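All residue numbers refer to positions in the sequence shown, counting from 1. In this text the structure is predicted, and so the values were computed from the model without any measurement. Start at 1 and go down the list; that is how both ligands and their atoms are numbered.
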Amino acid sequence: MSTQGSYMVNTTIGNVDREFQRLRTQAQLTWKKEARTLSWLGLQEDMSVIELGSGPGFTTEQLLSLLPNGSVIAVEVDPVMVKHAKQYLQDVSEDRVKIIEASIMDTGLPDNSFDFAYARLIFQHLPDPVGAAKEVLRVLKPGGKIIISDQDDDYSYVLDPPMPEFQLVFEKIDQIQKNWGGNGRIGRQLLRILKEAGFHNVDLEAIISHSEMHRIEDFFKALDPEVVSQVFVNAGLLIENLVEDYKHAIEKFVTLPNSCFLFVMLMGYGEKP
Ligand SMILES: C[S@@+](CC[C@H](N)C(=O)[O-])C[C@H]1O[C@@H](n2cnc3c(N)ncnc32)[C@H](O)[C@@H]1O
């Protein structure tokens with residue numbers, strides 16, 4: 001099993017530009033409800049926030065929009081992501097945002113520094129999620145809050161009518177992620193992870209994006225056939241037909257009159273004692 005985890009844009013994903021587009025669409029699909037839940041769970045406009053696994057900067061930009069009088073330190077391990085985020089956010093002043101290249105396992109930041117921590121779609125990629133949560137606990141101020149948004153593959157993707165090709169691709173991706181040290185079913189584990197790390201007052205929310213609220217095509221960006229195909233190659237799997245069948249199944253699915261797609265994201269919450 002990998003100790004690096006199941007997400008490095010160059011090595012585990014590969015198709016970098018396409019991946020940036022995928023992440024951007026994915027960030028937009030859930031943002032309205034995420035923002036609502038972040039605020040409801042205590043994010044305030046003047047807080048100092050640490051974002052973990054901030055990626056290309058799209059979610060950092062969204063967080064900044066909720067913090068007109070606050071600031072974000074974005075922690076990201078991958079230099080490709082850091083470079084993109086710095087360029088993308090170059091017009092935002094340094095006292096509002098800093099992007100640092102570091103691992104969530106050892107951020108190098110001082111103890112008791114932040115009011116709020118946000119980790120979106122990173123914990124599913126970590127071989128030691130409890131260790132990561134302990135590091136976040138260390139840098140939060142007493143009373144500071146953490147939210148981990150992530151998925152659980154058994155119920156995060158609901159397609160009607162069911163699409164067997166999606167299921168087949170999904171099972172392979174799940175297996176690859178596991179081999180690389182990740183866990184696509186982390187959603188159900190979030191509260192245990194938070195408790196083991198030392199957080200208290202834990203709670204769990206679910207937010208749902210439905211294809212009647214967005215373009216149905218955008219939901220398939222979460223498992224974009226172009227990105228999937230490259231992930232299979234990187235994992236040494238030669239299953240061209242599977243991806244081709246999947247592509248055709250999507251083309252058909254989006255034209256069906258009553259087809260729908262639901263994406264369910266879980267938001268695990270905890271407080272530092
Ligand atoms: C699926 S992307 C999500 C990016 C962003 N949070 C979003 O929601 O669009 C996961 C991100 O976590 C980063 N990551 C993975 N392992 C990490 C680690 N140990 N420390 C910090 N970042 C990490 C990856 O490089 C990647 O940018």
Is it true that Phe253 and Phe220 have ring centroids separated by less than 6.0 Å? yes
Do Phe263 and Phe219 have their ring centres less than 6.0 Å from each other? no
Contact between Arg22 and Glu226 at the side-chain level, heavy atoms closer than 4.5 Å - yes or no? no
Below 4.0 angstrom from a heavy atom of Leu121, which ligand 1 atoms are there? Numbered from 1 as shown, please. 1 (C), 2 (S), 3 (C), 10 (C)
Contacting atoms of ligand 1, where contact means under 4.0 angstrom from a heavy atom of Ile122: 12 (O), 14 (N), 17 (C), 21 (C), 22 (N), 23 (C)
So, 4.0 Å and heavy atoms of [X]: is ligand 1 close enough to count as a contact?
{"X": "Met105", "result": "no"}
{"X": "Leu52", "result": "no"}
{"X": "Ser149", "result": "no"}

Taking 4.0 Å as the limit for heavy-atom contacts, which would you say applies to [X] with ligand 1: side chain only, backbone only, both, or neither?
{"X": "Thr59", "answer": "side chain"}
{"X": "Ser103", "answer": "both"}
{"X": "Ala132", "answer": "neither"}
{"X": "Met81", "answer": "side chain"}

Please check if Leu121 and Phe170 belong to a single hydrophobic cluster, counting links between Ile, Leu, Val, Met, Phe, Trp and Tyr side chain heavy atoms closer than 4.5 Å. yes
Taking atom types as modelled, find out whether [X] and [Y] have a side-chain donor-acceptor pair closer than 3.5 angstrom.
{"X": "Lys272", "Y": "Asn112", "result": "yes"}
{"X": "Glu34", "Y": "Tyr118", "result": "yes"}
{"X": "Asp115", "Y": "Ser48", "result": "yes"}

Any N or O of [X] closer than 3.5 Å to N or O of ligand 1:
{"X": "Gly53", "value": "yes"}
{"X": "His125", "value": "no"}
{"X": "Glu51", "value": "no"}

Quick test of your reading of the model: are Asp150 and Arg120 salt-bridged, counting only N-O distances below 4.0 Å? no
